[in-house]
2 protein chains.
Amino acid sequence: MNKPTVHDIAKEAGVSLATVDRVLNARPGVRKQTIARVQEAVARLGYVRDTSAANLARQRQYRFVFVLPEGPSQFVDTLTAALREATAAQIADRLLVKIVTIPAHDPHGIVRVLQGLNPARLDGVAIMAPETPQVRDAVARLRNAGLAVVALVSDLPNAPRDYFIGINSIAAGRTAGLLMGRFARAGGEVLVATNSLRSRDSLERRLGFDDVIAADFPGLAVLPTVESFDDPRRMEAVVAEVLRSRPRLVGIYSMGTGNTRILDALRESGRAGELVSIAHELTPATRRGLESGAVTAVITQNVGHLIRSALRVLRTLCDRTPIFEAQERIRIEIVVRENLP
Amino acid sequence: MNKPTVHDIAKEAGVSLATVDRVLNARPGVRKQTIARVQEAVARLGYVRDTSAANLARQRQYRFVFVLPEGPSQFVDTLTAALREATAAQIADRLLVKIVTIPAHDPHGIVRVLQGLNPARLDGVAIMAPETPQVRDAVARLRNAGLAVVALVSDLPNAPRDYFIGINSIAAGRTAGLLMGRFARAGGEVLVATNSLRSRDSLERRLGFDDVIAADFPGLAVLPTVESFDDPRRMEAVVAEVLRSRPRLVGIYSMGTGNTRILDALRESGRAGELVSIAHELTPATRRGLESGAVTAVITQNVGHLIRSALRVLRTLCDRTPIFEAQERIRIEIVVRENLP
DNA sequence: GAATTTTTGAGGTGCGTACCTCAGAATTGC
DNA sequence: GCAATTCTGAGGTACGCACCTCAAAAATTC
């Protein structure tokens, strides 16, 4: 027996094609019991809609917008590159993707951009932005307008997003902590640096990191977090100072952006290679760091998977078909010099 | 301007639909210059065949066979499970997948199975088998019959396979070496275990492992490889003996199967947690090992990606569309307790 | 039970492509 | 220049589904 079609359903349920169609596409004008009869037939025959035929028939276009932070960030650059690559490939069947950028640290600017999106001309949105009440409202507005909304990289747990595509920050921090503890067995002090602890991701990474160090590696003392507050030079200066003044320093954990400057300071100090240094996200800077030995390990997420997963999830949300969870779980990857992709 | 269709091509090239069709599907009966005219039009308009419409029209079914080793192996079990899961999901559009098993260590048995495949009833084959001259011939036969053939997990570099889906064994071994060196900073002896060094994968892993240890970690002495030759009890006994008699042992590297027994021996010895132990492939056994602390790190490949990649590649090979390389590169993943998926 | 409303059936068209036939045009060989 | 051959065009049907219309049937209301 081959794949059942709408015709088979019609025969099985003893109704006409038109009725089957009305039921399948949730169009009005069908009695409850008739709906039930059709659905039973669907279940009995194991009918599944042929998505490509359906999309062909309805001339489906998936119009998605990716909302990404603007400004210099190697991570966002690789993300954008992956997105362009994915939409250029044939994966991009019936796909129309636009990228809009938002000012990274201006909640009102972000909301202005989100409100500028016209839901009538869109089917889905992927958002990478810090969660604020205004962002939550904007997300709610888009969802209420019938759009599929996914959070990308950074979750919006209290906003009514449909899905989150990214990694758990606490687990990522714990992984960094475990590696730091294992690599810096001898014990000593560890520097933790980030742009700002006001970002939930940084905070959660720090929580996870501290948790593991405290529980399993009593020989390590984690120093208070150094924050650069969007000033790369400040970051470089502070890190250089710590490197100079702390002879017992054995490790550096960079939780967020600004890896380039931290690595510069490390190189300047002459202690690269001797210290354990762990950073997040595989970018040109961290890649060079791994190759040169200045970076010991990078905790990262596969940007290509991230993007493709977002596209797939947005699509299945639009189609209202079930999401294949196993495929969409983004892994926390550990990259060292020898398994650089 | 919307996506061009065959009609647009016909108009642009000044020929009829039938001719465009003949050119696109490489059917005979078209003059060379007409073919060129059509291809120019295709290039000019940027026409891409609508695969779903094409598949719909030709009632395409992709009939694939996965040839996997039989016998007790947790890795193959997870592979099979992933395959079942993938083919059950809607990814499995127009997909007919059969699994056949081969005797793992009997070259003639393998070839018998491969020769039993009827190329007329198949479109593609994914093979996980050790490379022998007979296997090479069998692969050549399948390819000559017009099938798409991919090597899975273990490459067949000298066979005319279309593609290899898996990780580079030397790089995997190097990664293990780097981790062992970093984790076992203090120095000492390292035990390396596998089922048999006659398997190319094991040999290459050992090469990569030794390479890195020799170059970067002079404090570590790698002992000769322990082989179990398909006898799990032998493996357990030998490992137990080494654990007892070598007080300077600081690490165990398990390159292949038999992790369950090695971990049993390790647990028995009371030295679990104290030794660095690195294994390959995330299976129920190594997962438990990570959770309990008996295993320090696992080098693995994402089985789900492996399977989905194989399915995608086989499909694009059948469609003769270009492979999206970036998506199909399987990464060497490092799993520790904290980033267990 | 007549009038109304709600359901249902039959049928058609189109999406972009594959594949088929048959007639007529262009090209080739001699 | 004629027959034989090779190309090409016009047209059709089919794939599985979405979406539309119009009329007929059934259920509901009063």
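Proteins come first, then strands; the chains are lettered A, B, ... in the order of their sequence lines, and each starts at number 1.
The nearest whole Å value for the distance from the CG atom in Leu17(A) to the C1' atom in dC17(D) is 10 Å. Distance CG (Asp8(A)) to P (dG16(D)): 9 Å, rounded to an integer number of Å. Put simply, CG on Leu56(A) is 12 Å from P on dC17(D), counting in whole angstrom units. Following rounding to the nearest Å, Arg94(A) (CZ) and dC17(D) (C1') show an atom-to-atom distance of 12 Å. Between the NZ atom of Lys11(A) and the C1' atom of dA10(C) there is a distance of 16 Å, rounded to whole Å. The distance from atom CD1 of Ile35(A) to atom P of dT8(C) is 8 Å, rounded to the nearest whole Å.
In this structure, OG1 in Thr19(B) is found 10.0 Å from CZ in Arg31(B), a value given to the nearest 0.5 Å. Rounding to the nearest 0.5 Å places CD of Gln301(B) at 11.0 Å from OG of Ser309(B). Here the CG atom belonging to Leu147(B) is positioned 9.5 Å from the CG atom belonging to Asp162(B), to the nearest 0.5 angstrom.
The side-chain tip of Arg60(B) points at the ring of Tyr62(B) from less than 6.0 angstrom away and within 45° of straight on. Phe324(B) carries Arg308(A) over the face of its six-membered ring, with the cationic atom under 6.0 Å from the centre and within 45° of the normal.
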**OP:** Sugar-phosphate atoms are those with a prime plus P, OP1 and OP2; base atoms are the rest. Using that split, label each nucleotide of nucleotides 18-30 of chain C B, S or - for protein heavy atoms under 4.0 Å, 5' to 3'.
**Re:** BB-------S---
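Judged by distance alone, the side chains of Arg49(A) and Asn25(A) do bring a donor and an acceptor atom under 3.5 Å apart.
In this structure, His7(B) reaches the bases: a heavy-atom distance under 4.0 Å links it to at least one base atom across the strands shown.
Dashed line: the shortest gap from a side-chain N or O of Gln59(A) to OP1 or OP2 of dC19(D) is not under 4.0 Å. Phosphate contact (OP1/OP2 of dT8(D), side-chain N/O of Ser16(B), threshold under 4.0 Å): absent.
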